[in-house]
Amino acid sequence: MKERVSMVFIEKGQIDVKDGAFVVVDETGIRTHIPVGSIACIMLEPGTRVSHHAAALAARAGTLLVWVGEAGVRLYAAGQPGGARSDRLLYQAKLALSDDARLKVVRKMYEIRFGEKPPERRSVEQLRGIEGARVRKLYQLLAKQAGVDWKGRNYDYTQWDNSDTANRCLSSATACLTASAKRRCWPPVTRRP
């Protein structure tokens with residue numbers, strides 16, 4: 001994966017396979033070859049159609065196909081490159097179900113996020129509290145640097161209009177990021193009526 005381009009966005013084109021290669025034909029008929037095996041993820045924006053043959057080639061190459069809204073703002077669906085393997089899901093479940101393993105993961109994520117080791121002998125909940133306090137201070141600092149009037153993080157999803165502009169923007173961005181992260185980490189769930 002380190003050798004691959006992280007992602008490519010394709011809009012308003014027909015994706016197919018010609019002579020064993022991934023090809024995008026745009027609205028004007030211009031063909032563009034895409035090195036599907038050297039791309040980790042192809043973001044398919046509105047107006048893009050993918051042939052069955054192209055989807056199969058992407059799966060064999062281990063390239064994730066993701067159907068998104070314009071400019072990648074909404075996430076509608078994602079494929080599963082390499083087949084529906086469960087080993088990563090089982091590993092995540094193992095980490096989540098063990099208190100000791102989960103604490104190790106939380107401590108490592110804290111270290112990655114803040115560039116320093118977390119305080120010793122703290123529970124997951126205590127580390128979350130410390131992280132929350134640091135993030136609140138960061139919001140305050142960034143607001144000051146950007147010249148934004150910051151009165152703290154205050155948002156009630158049932159009363160959208162009562163929140164200030166900064167909190168509404170932050171909530172919208174967080175919702176988009178959360179939706180994207182959930183779809184990226186977990187396979188889509190199919191619900192039946």
Side-chain angles (χ1 to χ4, degrees), residues 1-98 101-102 104-115 142 146 168-193:
M1 279 307 232
K2 289 180 182 178
E3 304 298 322
R4 290 183 175 213
V5 173
S6 60
M7 69 180 68
V8 170
F9 286 82
I10 299 175
E11 180 184 29
K12 296 178 185 158
Q14 170 69 36
I15 302 174
D16 209 340
V17 177
K18 303 283 185 200
D19 300 323
F22 225 61
V23 176
V24 177
V25 180
D26 71 9
E27 294 173 313
T28 62
I30 296 175
R31 291 182 181 191
T32 305
H33 288 268
I34 296 183
V36 69
S38 65
I39 299 171
C41 175
I42 298 178
M43 307 290 267
L44 305 167
E45 292 187 280
T48 305
R49 296 172 58 194
V50 182
S51 73
H52 182 274
H53 200 50
L57 178 59
R60 282 194 306 277
T63 299
L64 177 64
L65 296 179
V66 180
W67 285 261
V68 297
E70 196 169 335
V73 172
R74 296 279 183 250
L75 179 84
Y76 300 118
Q80 293 179 320
R85 291 177 35 198
S86 62
D87 56 331
R88 291 188 182 119
L89 179 60
L90 291 172
Y91 180 66
Q92 281 191 344
K94 179 181 169 185
L95 294 176
L97 294 173
S98 165
R102 188 170 64 243
K104 283 181 184 178
V105 170
V106 169
R107 291 182 61 77
K108 184 63 178 175
M109 290 178 74
Y110 183 103
E111 186 177 341
I112 290 169
R113 182 170 192 176
F114 296 117
L142 292 173
R168 285 195 304 258
C169 290
L170 189 56
S171 295
S172 296
T174 300
C176 289
L177 181 61
T178 300
S180 177
K182 282 182 180 178
R183 286 297 191 168
R184 188 172 179 203
C185 295
W186 299 99
V189 175
T190 303
R191 293 197 174 114
R192 294 188 177 146

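Note: hydrogens, waters and symmetry copies are ignored here, and every other heavy atom, side chains too, is used.
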Minimum heavy-atom distance between [X] and [Y], given as atom pair plus value:
| X | Y | result |
| --- | --- | --- |
| C41 | V66 | SG-CG2, 3.6 Å |
| V24 | G13 | CG1-CA, 4.2 Å |
| L64 | A78 | CD1-CB, 4.3 Å |
| E11 | T48 | CA-OG1, 3.5 Å |
| G37 | A61 | CA-CB, 4.0 Å |
| V36 | A58 | CG2-CA, 4.1 Å |

Nearest 0.5 Å please: distance from the [atom1] atom of [X] over to the [atom2] atom of [Y].
| X | Y | atom1 | atom2 | value |
| --- | --- | --- | --- | --- |
| F9 | E70 | CZ | CD | 12.0 Å |
| T63 | F22 | OG1 | CZ | 7.5 Å |
| I15 | I10 | CD1 | CD1 | 3.5 Å |
| I39 | S6 | CD1 | OG | 9.5 Å |

Are any side-chain N or O atoms of T174 and backbone N or O atoms of L170, one a donor and one an acceptor, separated by less than 3.5 Å?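 Checking the backbone N and O of L170 against the side chain of T174, a donor-acceptor pair under 3.5 Å is found.
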With a 4.5 Å limit on heavy-atom distance, are the side chains of L57 and H53 in contact?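 Not in contact.
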Can you establish whether the number of heavy atoms outside [X] located under 6.0 Å from its atom [atom1] is more than 12?
| X | atom1 | answer |
| --- | --- | --- |
| R102 | CZ | yes |
| Y91 | OH | no |
| R168 | CZ | yes |

Taking only residues at least two apart or on different chains, which pairs with a member in residues 26-42 satisfy side chain to side chain donor-acceptor pair (under 3.5 Å)?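 Every pair satisfying side chain to side chain donor-acceptor pair (under 3.5 Å) with a residue in residues 26-42: D26-T28.
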